[in-house]
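Numbers for residues simply follow the sequence, beginning at 1. Heavy-atom basis, side chains included; hydrogens, waters and symmetry copies ignored.
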Amino acid sequence: MNDTLPQYELFAIRYATREARRADHFIGGDPHDGPMPMDYYLWVATGAGRTFVIDTGFTAEVGAKRGRTFLRCPIDTLALIGVDGAAVQDVILTHLHYDHVGNFHRFPAATFHLQEPEIAYATGRYMRYPRLAHSFEVEDVVGIVRLNFARRVMLYNERVDLAPGIVLHPVGGHSAGLQFVRVHTRRGWVVVASDTTHFYENMDQGRPFTTAFHVGKMLEGYDALRAHAPSRDHIIPGHDPLVMRYYPPPTSNLEGIVARLDVAPDENRLPA
C-alpha cells in the first residue's frame with residue numbers, strides 16, 4: 001500500500017533559539033544541570049502538487065517579549081525552499097502555544113487543521129491559571145477563533161488521514177489538544193513530533209518536559225511516537241538543536257537554517 005503513497009520532501013526550518021539549562025526541560029530538574037539550549041522550528045512537507053506547513057512559529061515582537069533570540073522570520077524563510085506562504089492551502093497546527101501559531105495571518109489562502117480539544121482548552125476554564133495561560137498569546141488564540149468563524153479552521157477529535165501520506169495523531173499531554181504529524185517520505189514514514197517530545201532525551205528517558213497539562217498523557221505520547229515510527233531515527237523532536245546537527249541542509253548555504261528530514265540522519269552522530 002505504501003508504494004502508492006506520495007513521497008513528500010520534508011524540511012525543518014530553524015527560526016529562533018534561547019539559552020536554557022537542563023533543569024528547565026525536565027520535571028523535577030536534573031542532577032547534572034548544565035547548558036541545554038532550545039531551538040524553535042516549523043516544518044514543511046511538499047509533494048504530489050501540495051504543500052503542508054506544520055506550525056507557524058512566532059513573530060519578532062513576541063520573541064522579544066519572551067526573551068527569545070529571533071534569528072529570522074520563519075514565513076519569509078519558506079521562500080528558501082520554494083514555498084510562498086501566501087499561496088499555501090493547508091496549515092497544520094500541532095497546538096496553539098505561542099511558538100506554534102504566531103504568524104497565522106501570513107497564510108491568507110490556508111485552511112488550518114487543529115484538534116478541537118486544543119481550541120476548547122485555549123478558550124476555556126484553565127486559562128484563568130497563569131501557569132497554563134502563559135504558554136499562549138491571547139491575540140493568537142483570538143485570531144484562530146476569528147478564522148473559525150470565517151470557516152477556515154477544520155477541527156478534529158480523532159486521528160485524521162488528511163491526505164495520502166499525511167496523518168494527524170492526537171496525543172495531548174503538553175497541551176490538551178496536541179497532535180503530531182506522520183509524513184510519508186522516500187525513507188518511509190517520518191514522525192514530526194512537535195512538542196510530543198521537545199528533546200530526544202524527554203522521550204528516550206521517559207522524563208516529561210516541564211510545561212505539561214497532563215503528565216500521564218505526555219508519557220503515553222512518547223509511546224505513541226515510537227509506535228508510529230519505523231525506528232527511533234524517524235522521530236523528529238520539536239525543539240532539539242540536534243535536529244540541525246543530524247540532518248543535512250538542502251544546500252550548503254542553508255546549513256543551520258533548513259534541514260532535510262526525508263533523508264537518513266548521519267548514523268554516527270545519532271543520540272546514544
Verdict with supporting geometry, I144 and F104, side chain to side chain contact (heavy atoms under 4.5 Å, CB included)
CA-CA 8 Å; I144 297 303; F104 66 88; 4.2 Å; yes
Taking the side chain as every heavy atom from C-beta outward, state whether [X] and [Y] have any pair of such atoms under 4.5 Å apart.
X: I81; Y: E9; value: no
X: F180; Y: V191; value: yes
X: V192; Y: L10; value: yes
X: F52; Y: L162; value: yes
X: D84; Y: L78; value: no
X: L261; Y: V243; value: yes
X: T210; Y: D24; value: no
X: F107; Y: V53; value: yes

Starting at [atom1] of [X], measure out to [atom2] of [Y] and round the result to the nearest 0.5 Å.
X: L42; Y: D99; atom1: CG; atom2: CG; result: 11.0 Å
X: T94; Y: I54; atom1: OG1; atom2: CD1; result: 8.5 Å
X: D262; Y: T46; atom1: CG; atom2: OG1; result: 8.0 Å
X: D240; Y: T197; atom1: CG; atom2: OG1; result: 8.0 Å
X: H228; Y: D223; atom1: NE2; atom2: CG; result: 11.5 Å
X: H169; Y: L178; atom1: NE2; atom2: CG; result: 12.5 Å

Minimal non-hydrogen separation, [X] against [Y], with atom names:
X: Y41; Y: P241; value: OH-CA, 3.6 Å
X: S194; Y: H95; value: OG-CE1, 3.8 Å
X: P237; Y: W43; value: O-CZ2, 4.3 Å
X: L219; Y: G206; value: CD2-O, 3.5 Å
X: A16; Y: F70; value: CB-CA, 4.2 Å
X: R260; Y: R186; value: NH2-NH2, 3.2 Å

Within the distance-only criterion (no hydrogens, no angle test), does the side chain of [X] pair as donor or acceptor with the backbone N or O of [Y] below 3.5 angstrom?
X: E118; Y: L96; result: yes
X: R128; Y: A133; result: no
X: N103; Y: F58; result: yes
X: R232; Y: Y200; result: no

Grouping I, L, V, M, F, W and Y whenever their side-chain heavy atoms are under 4.5 Å apart, do [X] and [Y] come out in a common cluster?
X: M38; Y: I236; value: no
X: V91; Y: I166; value: no
X: V83; Y: V183; value: no
X: Y129; Y: V215; value: no
X: L155; Y: V160; value: no

Given side chain to side chain donor-acceptor pair (under 3.5 Å), test Y40 with R18 step by step and report yes or no.
CA-CA 9 Å; Y40 295 84; R18 76 177 177 101; 3.2 Å; yes
R187: salt bridge (charged side-chain N to carboxylate O under 4.0 Å, His left out) partners, not counting sequence neighbours:
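Checked R187 against salt bridge (charged side-chain N to carboxylate O under 4.0 Å, His left out); zero matches.
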Where does the angle between the aromatic ring planes of Y126 and F213 fall among parallel (under 30°), tilted (30 to 60°) and perpendicular (over 60°)?
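Correct class here is perpendicular.
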Show your reasoning for whether salt bridge (charged side-chain N to carboxylate O under 4.0 Å, His left out) applies to R21 and D30.
CA-CA 9 Å; R21 300 189 67 80; D30 189 277; over 6 Å; no
Does R66 qualify as a cation-pi partner of Y98, given the criterion of NZ or CZ under 6.0 Å from the six-membered ring centre and within 45 degrees of its axis?
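Yes, cation above the ring, under 6.0 Å and within 45°.
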Pair listing, salt bridge (Lys or Arg N to Asp or Glu O under 4.0 Å) test, anchored in residues 163-182, at least two apart:
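Counting only pairs at least two positions apart or across chains, no salt bridge (Lys or Arg N to Asp or Glu O under 4.0 Å) contact touches residues 163-182.
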ring-ring contact (aromatic ring centres under 6.0 Å, His included) partner of H174, chosen from H100, H239, H198:
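When H100, H239, H198 are each tested with H174, the ring-ring contact (aromatic ring centres under 6.0 Å, His included) holds only for H198.
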Quick check: are there more than 12 heavy atoms from other residues, nucleotides or ligands sitting under 6.0 Å from CD of E19?
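Counting neighbours around CD of E19, 12 or fewer heavy atoms of other residues, nucleotides or ligands fall under 6.0 Å, so no.
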Go through it in stages, so that I can follow the logic: the residues are H97 and T211, the test is side chain to side chain contact (heavy atoms under 4.5 Å, CB included), and I'd like the CA-CA distance, side-chain angles, deciding distance and then a yes or no.
CA-CA 11 Å; H97 285 178; T211 299; 4.2 Å; yes
Centre-to-centre under 6.0 Å for F199 and F26, is that the case here?
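Distance test on ring centres: not under 6.0 Å, no.
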Can I get a per-line list of side-chain donor-acceptor pairs under 3.5 Å for residues 108-115, giving both atom names and the distance, sequence neighbours left out?
from: H113; atom 1: ND1; to: Y156; atom 2: OH; distance (Å): 2.8
from: H113; atom 1: NE2; to: D90; atom 2: OD1; distance (Å): 2.9
from: Q115; atom 1: OE1; to: E158; atom 2: N; distance (Å): 3.4
from: Q115; atom 1: NE2; to: E158; atom 2: O; distance (Å): 3.1
from: Q115; atom 1: NE2; to: Q179; atom 2: OE1; distance (Å): 3.0

Side chain to side chain contact (heavy atoms under 4.5 Å, CB included) assessment of L71 paired with R14
CA-CA 8 Å; L71 302 173; R14 174 177 176 260; 3.5 Å; yes
Does V167 form a side chain to side chain contact (heavy atoms under 4.5 Å, CB included) with W189? I'd like the steps, not just the answer.
CA-CA 10 Å; V167 186; W189 289 100; 3.9 Å; yes
